[in-house]
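Residue numbers begin at 1 in each chain, while the letters A, B, ... track the order of the sequences.
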Amino acid sequence: MTAEQLDKTYNPKQFEQQIYSSTEPMFAPNNTGGETYSILMPPPNVTGSLHVGHALTYTIQDILIRYHRQHGYDALWQSGVDHAGIATQMVVTKELEASGVDISAITREELIHKIWEWKDKSGNRIVEQQKSLGCSAPWDLSRFTMDKEFCAAVIKAFVALYKEGLIFRDKRLVNWDTKLMTAISDLEIRNEEEEGTLWHIKYKIVDSDEYVTIATTRPETMFGDAAVAVHPEDGRYTHLIGRNALIPYANRTVPVITDKYIDIEKGTGCLKVTPAHDYNDFAIGKRHGLDVISVIDKSGHMTFKNVPEFLQGIYVKKARKLLLSKLAEDGAVVREEKITHTLPYGDRSGTVIEPLLTDQWFVDAKALAKAAVEAVERGEMKFHPEKWVNTYLEWMRNIEPWCVSRQIVWGHQIPAWYGSDGSIFVEEDEATAIARAEERGISKDQLTRDPDVLDTWFSSALWPFVTLGWPDDDAPALRTRYPTSVLVTGFDIIFFWVARMAMMSLRFMKKVPFRDVYIHALIRDSSGQKMSKSKGNVVDPQDLMDEFGADALRFTLAFMSVPGRDIKLGKDNVKISRNFITKIWNAARFLQFKETQFCSELPETVTGKINNWLIAKLRKFQQNIDQNIREYRFDYATRNIQSFLRDTFCDFFIEAMKLHEDERAKIIAGKVFVEFLRISHPFIPFVTDRLARSLGVCDSLLMLGPDVSVLRVSISEKDEEEVDQFIELLHQVRSARQSNGDVDGEYLALLERQRSWPGELNLVATRIA
RNA sequence: GGUCGCAUAGCUCAGUUGGUAGAGCGCCGCGUUCACAUCGCGGUUGUCACAGGUUCGAGUCCUGUUGCGACCACCA
């Protein structure tokens, strides 16, 4: 490696790209049979582009991977992309519609084909951005949740779970998105508080002049009422129990029943029970054997059955208005009460979610959760920071069946075939399903395949072992790398992904998927606001990288990764990091100017107090970083990098070097600076590699861990202490001079003490003060 | 309603085992003779949210209060 003169200014744009491509071949795992270190990269959505949250999570993972690779581990960072069922189908559908395609007119196969086309064309954008950030993943090993092998694995897992009774089909109330026309899981809805109205509405009691007044926020569902319920001990209504109430305009009566679920204080104390459109009402209905009467269809309109003519086929919100004006006209609205309540909205579509009764596939999450809870309780999978273990356990212990079928086309089609007689065949392929059906006397033509696809998170849940080779139990990666070392992700993904990977992994691999789970912070804007497109406060990491360099962004994100606190990211923070990196650059320039030797070996015994002191500080620095990495304290690590370079190396050592010319010091300075570059490399890979090359040290620091010879060299601990004291005194002298002027007695006394210091410190003292 | 965080300098935040309150930014002063003004040297800035308790000693441990935030659940 030949040295070259460093530019006067640090200009990351000039070399980052080039450094990346020249080191890329070295990102592959070495597969030498040594100790492995593996990280699964959370697969970004195929539709995604890099946002600051990604930048943070990838920076942390890349630091870990580079560090372990440098330290001789067989390191694998398994990358990939997620097909992101609903999100992707939405994006492509929108694009097609915008270009004038009538979505309702194209077939399932055509749409799937279009999405593949889109994926091949645009699905790789985020990988390019990951590369700009410096992510050192072996991209040729990258997986896609819809690639052939992955699909086969998903189907295999589904069939296995089904045959074990851990997946079942049932008619239940599910969260239905009327815009996307699919079921979604509990996690895919977000509840939003808003102002609403509670209408008190009279139902006439049959064969009487009395009325019963119910309170509801959703009057339009009254046509699905199956009862009016009161609390058994509510004296106000005892006389009505067992009577029948007439539903307005419906020509239908419902009984007044009692149930302890009813809250006497709430509303009027009378609850209209609508099993088809409310989870609690469904439960009440089940207890009392009530009919389940649907009045809303899958697109969010009133049905044509069960609903009076003037509301048939009308959109729910409009139907509500119409009905209310008619009820008011007829004097049935007793009271309008303003309340705040929370409404469920679809995460993706933004429309109100309707609980609807439909046939769906469910995973028996409760059964799977048992092992996933126990493994964590036994400490086989550890959370960092530890507090997140409570979030995980709490959710796992109260888990409900997971609805995994989606009424869309982009995803893994459920391997279930239905016979015309209602029989179900769940098999890995069509041929087997047909064979099984024929055994039961059902011909091929009488079989239809379930059109639904699986929830995207179902395949994501299998990510840890499928990417490593499952279902081939002998796959080398599966044998040597499972369980993986650590999963790095945000807390919002604990339920969606971490918990489900734990469940599936324990079922199929009998072991936890990773030893550690590192939960990182959420990034907010500089004033602490959550970033969102609608607020317009989204910071684009690409912009920051363009302006300050990828290293500056990485350093900033690591620096601000304080456990348990959100990151308030502003441009200024990145600028400060850039300034620090410039400082490193200039330190290198100085050493180059001084014709420092970068490649010579350390002498067995270091002479010179300051030289000894520097070596001692370097050792501590190295040990600190090791500990920081072990404890996932990237904030401490970057602080250590900063203070070593600035306070220790530049502000004292280099300054002393200027005053006290010493050939030994040049050797030490070169050696220590190179060690500094190696140790810092995982955090700021581009600039450290660039400097190592320019100074003629090596082609890349990617594989070069800290030199252990630094640890072997014998140094005097007394020297370290002595120089520390000297520096302390130096501060006092400077301070005294600044505030009191040169003539002050205190200053002179301090100066005297300083000058009496032995060896080269004396020399330095005379000139530095 | 349940759970979990957070509160330290003007701002953003460190403070690891209980032992003299810190950094960066900002601000003020000084400084461009051999890296760096994207810099250096020095200075300024505190009721550690509040109230109790444990302790020789509490920013740190315990109890309570207030404020802010997040998540989960429910809502007639």
So A:F644 and A:F676, would you call those rings parallel, tilted or perpendicular, with 30° and 60° as cut-offs?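 Answer is parallel, since the angle falls under 30°.
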Check the angle between the aromatic planes of A:F652 and A:F726 and answer parallel, tilted or perpendicular using the 30° and 60° thresholds.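 Perpendicular.
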Indicate whether any N or O donor in one side chain lies under 3.5 Å from an N or O acceptor in the other, for [X] and [Y].
| X | Y | answer |
| --- | --- | --- |
| A:D225 | A:T274 | yes |
| A:D516 | A:Y632 | yes |
| A:H231 | A:D263 | no |

Among the candidates [options], find the nucleotide nearest to the side-chain atoms of [X].
| X | options | value |
| --- | --- | --- |
| A:R589 | B:C39, B:A35, B:A76 | B:A35 |
| A:D651 | B:C36, B:C41, B:C72 | B:C41 |
| A:R524 | B:G69, B:U38, B:C71 | B:G69 |
| A:K583 | B:A76, B:U38, B:A35 | B:A35 |
| A:K387 | B:A76, B:C34, B:G5 | B:G5 |
| A:T582 | B:C6, B:U38, B:A73 | B:U38 |

With a non-hydrogen cut-off below 4.0 angstrom, is [X] in contact with a base, only sugar-phosphate, or nothing?
| X | value |
| --- | --- |
| A:R218 | nothing |
| A:L6 | nothing |
| A:D263 | base |
| A:F495 | sugar-phosphate |

Would you list the pairs meeting salt bridge (Lys or Arg N to Asp or Glu O under 4.0 Å) in which at least one residue belongs to residues 562-584 of chain A, sequence neighbours left out?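 Listed by first then second residue: A:R524-A:D566, A:E547-A:K571.
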For RNA chain B, determine which residues of residues 641-649 of chain A have any heavy atom closer than 4.0 angstrom to one of its atoms, and list them numerically.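 Heavy-atom contacts with RNA chain B come from A:R646.
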Name the residue closer to the 5' end of RNA chain B, choosing between A:V562 and A:Y279 according to the nucleotide with the nearest heavy atom.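 By nearest-heavy-atom nucleotide position, the 5'-most residue is A:V562.
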Could you pick out which residue, A:N586 or A:Y261, lies toward the 5' side of RNA chain B when each is mapped onto its nearest nucleotide?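 Closer to the 5' end of RNA chain B: A:N586.
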Between [atom2] on [N] and [atom1] on [X], what's the gap in Å once rounded to a whole number?
| X | N | atom1 | atom2 | value |
| --- | --- | --- | --- | --- |
| A:D635 | B:G15 | CG | P | 7 Å |
| A:R639 | B:G24 | CZ | C1' | 9 Å |
| A:W388 | B:G5 | CH2 | P | 10 Å |
| A:N175 | B:A73 | CG | P | 10 Å |
| A:E400 | B:C72 | CD | C1' | 13 Å |
| A:I581 | B:A35 | CD1 | P | 22 Å |
| A:N390 | B:C71 | CG | P | 17 Å |

Report, one line per pair, each donor and acceptor closer than 3.5 Å where one atom sits in a side chain of residues 387-396 of chain A; sequence neighbours left out.
| unit_1 | atom_1 | unit_2 | atom_2 | d |
| --- | --- | --- | --- | --- |
| A:Y392 | OH | A:A372 | O | 2.9 |
| A:E394 | OE2 | A:N398 | ND2 | 3.3 |

I'd like to know if A:E655 reaches the base of B:A35 with its side chain such that a donor and an acceptor end up less than 3.5 angstrom apart.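 Yes.
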What about A:K658, does its side chain sit under 3.5 Å from the base of B:C34 through a donor-acceptor pair?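 Absent.
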Kindly state whether the ring of A:Y518 and the ring of A:F634 have centres lying under 6.0 angstrom apart.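 Close enough - the centres of the two rings lie under 6.0 Å apart.
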Taking the six-membered ring for Trp and the full ring for Phe, Tyr or His, determine whether the centres of A:F649 and A:F673 are under 6.0 Å apart.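 A:F649 vs A:F673: aromatic centres under 6.0 Å.
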Main-chain N/O of A:K321 paired to A:E220 side chain as donor or acceptor, under 3.5 Å: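 No; judged by distance alone, with no hydrogens or angles, the pair does not exist.
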Any [X] side-chain N or O less than 4.0 Å from OP1/OP2 of [N]:
| X | N | answer |
| --- | --- | --- |
| A:K8 | B:C36 | yes |
| A:R565 | B:A70 | no |
| A:K575 | B:C25 | no |

Anything under 3.5 Å between a protein N or O and an N or O of nucleotides 9-12 of chain B, put it in a table, one pair a line.
none

Mind checking whether A:W402 and A:W457 have side chains closer than 4.5 Å, heavy atoms only?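 Sidechains of A:W457 and A:W402: in contact.
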Would you check if A:K260 and A:P232 make a side-chain contact, meaning some heavy-atom pair closer than 4.5 Å?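 A side-chain contact under 4.5 Å exists here.
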Quantified in whole Å, what is the C1' atom distance between nucleotide B:A58 and nucleotide B:C62?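 Their C1' atoms lie roughly 11 Å apart.
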Considering residues at least two apart in sequence or located in another chain, which fulfil the ring-ring contact (aromatic ring centres under 6.0 Å, His included) criterion with A:F686?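 Counting only residues at least two positions away or on another chain, A:F686 forms no ring-ring contact (aromatic ring centres under 6.0 Å, His included).
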Which dot-bracket notation, 5' to 3', represents the base pairing of RNA chain B when pairs are defined as Watson-Crick or G-U with both distances under 3.5 Å, crossing pairs as [ ], and inter-strand pairs as |? (((((((..((((.....[..)))).(((((.......))))).....(((((..]....))))))))))))....
